[in-house]
Number of protein chains: 2
Amino acid sequence: MARIPAPERRAALIEAALRVVSQHGIAQATTRAIVAEADMSLASFHYAFDSRDELIDELIATVVAREQAAVMPEVVPGLGLREILEAGILRYFEHLKADPEHEQAMLELTQYALRSPDRHPLALAQYARYVELAERSLELAASVADAAWRVPVALAARVLVAFTDGLTLTWLVDRDDDAARAVAAAAADALSRMADPR
Amino acid sequence: MARIPAPERRAALIEAALRVVSQHGIAQATTRAIVAEADMSLASFHYAFDSRDELIDELIATVVAREQAAVMPEVVPGLGLREILEAGILRYFEHLKADPEHEQAMLELTQYALRSPDRHPLALAQYARYVELAERSLELAASVADAAWRVPVALAARVLVAFTDGLTLTWLVDRDDDAARAVAAAAADALSRMADPR
DNA sequence: GTCTATACACCGATAGAC
DNA sequence: GTCTATCGGTGTATAGAC
C-alpha cells in the first residue's frame, strides 16, 4: 500500500467514520467498520490514532467546526420579520430532508458525548456553535426586516436552536412534512414576537 | 435462588434494564450489566427472554405505555390560554430537572429504535403516545381557558411535542435553566395563537 | 509505514449438572 | 428453574515480519 502521511490518514479515517455513523449509527462505527469504509488495514488505524475514542472525539470536533448556517436567511427586502424567519427555518427543513442521515448522526454524536464527563464539553461546544450560527441568522433577519430584538439575541438564538432541534427529532421519527412546516411557522411566529419594529 | 415465575422475572429485568440505560446509556446495557443490576444469573436472562433484542423491544414498549402526561395543566380558572400552557410546559421542565437521566434514556431509546427498520414502529408508537398526551393537555387547557383551537388539535399537539423535545435536548446539553424557561414561554406564546377565544 | 497474525476482553447465547 | 461453565463471535489494540 502507498505511504500516506499520518495527517491525511487521520482525515480519511474521520471522513469514513462520519459515513459509517451516518449510515449505520455510532454503535456500528467500530474500528473494523471504519477501516473497511476507508479501505485500510486495521493496523493503519492504530498507526494514525491511539484509540477509537480519540477518533470519535476528533470526529465530533471536525463536524462541529465544519457546521454551516443552514438557517441563514436570504436577503429579500420587503418581507416582515416573521416571514423571513419562517423562510429560514423552512430552508433548514429542506436541508434536513435532503440529508436526514447527517442530522441523525449529529444527534447521535451529541448523545454519545453526553454520556461521558470527559466528552460533555464536546457537546457543549457543538451547541455553542449552533447558537452562534443562529445568532448571526437572527441578527441578519432583524437587520433586513428593520426590527430590533427586545431580548438578548443570544437568548433568542438559543430558543431557535431548541425549536430546530425539536423539529429535527420529531420529523426523523414520523417524517410528517406538514407537521414540520407547522412547527416552522409556530417557531417563526414566536421568535418574531421577541423583536420590535424599528 | 428462589423460583420466580417468568413474567415477574421479565418485569424485574425490564426495570433493571431501564436503570442501566438511564445511568449508563443503551450502549452499556449489556445482558451482563442488566442481570448484575437485577441480581440474577446470566442464564436466568435467557430463560426469561429469547434474546437481548427482545428485552429492548419490550423495554421500549413498557416505557411508552407507562408514559404519563407530565405537561397536563392544572385546572386554575381565570388564567388565559397562554398562561395555562406556559405553566404546563414549565411543569414538564421541573419533571425533566427532577430526573434528567430518564428523559435522556427515552431519547436514546428513540434513536436506537430509529436505527433498525424492524424497530422504527416502536419509535413511531412512542411519539404517537406523546402526541396523544399532548392532545389531551391542549384540549383541557382550551376548555379551562374557554378557547377553541383554530387548527386541528392533533397538529397543535404535534407542535407541542416538537417544542418540548427541543427544550429537553438543548437543556440536557447546556443545563441552562433561563434559556429553557424562555423556550417554554415562546412555545406557550406560539401555541396560544393557534386558538381563538370563545 | 504497512501489512498479517494474534492477543485479550467482552459480547450474546447455550449446555448440562443439580 | 436455576446455576456454573463454556462456546463462538466480535470488539480494541498490539507484535513482529517486511
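We name chains A, B, ... by the order of the sequence lines, and we start the count at 1 in each one.
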Polar pair under 3.5 Å, donor/acceptor by atom type, side chain R52(A), base dG11(D):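 Result: no qualifying N/O pair found.
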Distance check needed: [N] [atom2] versus [X] [atom1], whole Å only.
X: L13(B); N: dT2(D); atom1: CG; atom2: P; answer: 11 Å
X: Y47(A); N: dA17(D); atom1: OH; atom2: P; answer: 19 Å
X: L42(A); N: dA13(D); atom1: CG; atom2: P; answer: 10 Å
X: I56(B); N: dG12(C); atom1: CD1; atom2: C1'; answer: 12 Å
X: H24(A); N: dG11(D); atom1: NE2; atom2: P; answer: 13 Å
X: E54(B); N: dA13(C); atom1: CD; atom2: P; answer: 10 Å
X: I34(B); N: dC10(C); atom1: CD1; atom2: P; answer: 17 Å

Nearest-nucleotide 5' precedence on DNA chain D, D50(A) against Q28(A):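 The residue whose closest nucleotide sits nearer the 5' end is Q28(A).
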Residue met sooner reading DNA chain D from 5', once F45(A) and I4(B) are mapped to nucleotides: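 Comparing both residues, the 5'-ward one is I4(B).
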Which listed nucleotide ([options]) is nearest to the side chain of [X]?
X: H46(A); options: dG1(C), dA13(C), dA13(D); result: dA13(D)
X: R32(B); options: dT2(C), dA13(D), dA13(C); result: dA13(C)
X: R9(B); options: dA13(C), dT2(D), dG1(C); result: dT2(D)
X: S51(A); options: dA13(D), dG1(D), dG1(C); result: dA13(D)
X: A43(B); options: dG1(D), dC3(D), dG1(C); result: dC3(D)

Assess whether side-chain contact (heavy atoms from CB on, under 4.5 Å) is satisfied between L133(A) and R136(A), documenting all intermediate values. CA-CA 5 Å; L133(A) 294 171; R136(A) 294 226 298 267; 4.1 Å; yes
Would a distance-only check, ignoring hydrogens and angles, find a side-chain to backbone donor-acceptor pair under 3.5 Å from T170(A) to L167(A)?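 Yes; judged by distance alone, with no hydrogens or angles, the pair exists.
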Going through the checks in order, is the side-chain contact (heavy atoms from CB on, under 4.5 Å) test met by Q104(B) and D99(B)? CA-CA 9 Å; Q104(B) 196 173 345; D99(B) 192 1; over 6 Å; no
Using a cut-off of less than 4.0 Å, is there contact between a side-chain N or O of T31(A) and OP1 or OP2 of dG11(D)?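 No, outside the criterion.
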Presence of S44(A) side-chain N/O under 4.0 Å of dT2(C) phosphate oxygens OP1/OP2: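 Result: no.
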Going by atom types only, do T168(B) and Y92(B) share a side-chain donor-acceptor pair under 3.5 Å?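 Side chains of T168(B) and Y92(B): pair found under 3.5 Å.
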Name the nucleic acid region contacted by S41(B), choosing base, sugar-phosphate or nothing; use a 4.0 angstrom heavy-atom cut-off, strictly under.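 Base, at least one base atom sits under 4.0 Å.
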Step by step, work out the side-chain contact (heavy atoms from CB on, under 4.5 Å) result for L96(A) and W171(A). CA-CA 9 Å; L96(A) 167 64; W171(A) 183 83; 3.6 Å; yes
